[in-house]
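Okay, so here's the structure we're looking at.
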Amino acid sequence: MFADDVLYEFIHSELVNYVTNKKNEDENSKTGDLSPLEYAGFITGFRIIERLTKDWPRFQNELETVKFICTDFWSSVYKKQIDNLRTNHQGVYVLQDNSFRFLNKISGSKQYLEHAPKYVSFTCGLLRGALANLGINCLVTAEIQPMPCCKFHIQVHKGKKIE
């Protein structure tokens, strides 16, 4: 593991702790509200994709864009490609990472499963921000399989393309 990988994991962990502790301190906040983590991921993904695609031609279609996310984008962020991509060809894509980086160090027992969404919401935002910058308006959710496996569901909003 490289030094920048350790720093990325550390800052992600601290961001999760900060948002979680801040929510616990605020009496008016909803427990389990992870929108600040998702928003931080959105901004980050939006900026990363801007730099990553500056020398690329425009993508021809939605599937080509999602394939780019699974290979080049995921490799630049997580140092590996996505393990599996599935689609129903109607705007729903499922990206599967069999050993998701932020779930690797969490025990697979059921008692820790309730904490897992905290560690994937940043990445949901990261994907949504990257796709938004590429002109695809979508909703990204995560499904945690037996840990550390995670599936990211991307549902594209048709007719609401961002230009």
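No side-chain heavy atom of Val16 sits less than 4.5 Å from a side-chain heavy atom of Phe122. By the 4.5 Å heavy-atom criterion applied to side chains, Val66 and Phe59 are not counted as neighbours.
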Legend entry - Worked check of salt bridge (charged side-chain N to carboxylate O under 4.0 Å, His left out) between Lys80 and Asp97: CA-CA 9 Å; Lys80 68 181 215 94; Asp97 190 333; 2.8 Å; yes
Inset, instruction - May I have the step-by-step check of side chain to side chain contact (heavy atoms under 4.5 Å, CB included) for Tyr78 and Thr123, ending in yes or no? - result: CA-CA 10 Å; Tyr78 295 110; Thr123 304; 2.6 Å; yes
Inset, instruction - Verify side chain to side chain contact (heavy atoms under 4.5 Å, CB included) between Val92 and Ile154, making sure each step is shown before the conclusion. - result: CA-CA 6 Å; Val92 177; Ile154 299 170; over 6 Å; no
Legend entry - Pair Leu139-His157, side chain to side chain contact (heavy atoms under 4.5 Å, CB included): steps then yes or no: CA-CA 8 Å; Leu139 172 68; His157 298 275; 3.7 Å; yes
Inset, instruction - Given side chain to side chain contact (heavy atoms under 4.5 Å, CB included), test Val120 with Leu103 step by step and report yes or no. - result: CA-CA 8 Å; Val120 297; Leu103 297 178; 4.1 Å; yes
Inset, instruction - Please step through side chain to side chain donor-acceptor pair (under 3.5 Å) for the pair Glu62 and Tyr93, ending with a clear verdict. - result: CA-CA 10 Å; Glu62 198 176 89; Tyr93 301 91; 2.8 Å; yes
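The aromatic rings of Phe100 and Phe152 stand perpendicular to each other, their planes meeting at an angle above 60°, with 30° marking the opposite boundary. Ring geometry, Trp56 versus Phe68: the interplanar angle exceeds 60°, so the pair is classed perpendicular (tilted spans 30 to 60°).
Counting all heavy atoms, side chain and backbone alike, Glu64 lies closest to Asn61 at N-OD1, 2.7 Å. Of all non-hydrogen atoms in Thr53 and Ile49, the two that sit nearest each other are OG1-O, 2.7 Å. The minimum heavy-atom distance between Arg128 and Cys138, with the atom names listed, is CD-O, 3.4 Å. Across all their heavy atoms, Asn133 and Phe46 have their closest contact at ND2-O, 2.7 Å. Closest approach of Asn84 to Arg86, counting heavy atoms only: ND2-NE, 3.2 Å.
Between the side chains of Gln96 and Asn98, at least one donor N or O lies within less than 3.5 Å of an accepting N or O.
Residue Leu131 is tested with Leu126, Val156, Ile69 for a side chain to side chain contact (heavy atoms under 4.5 Å, CB included); the sole match is Ile69.
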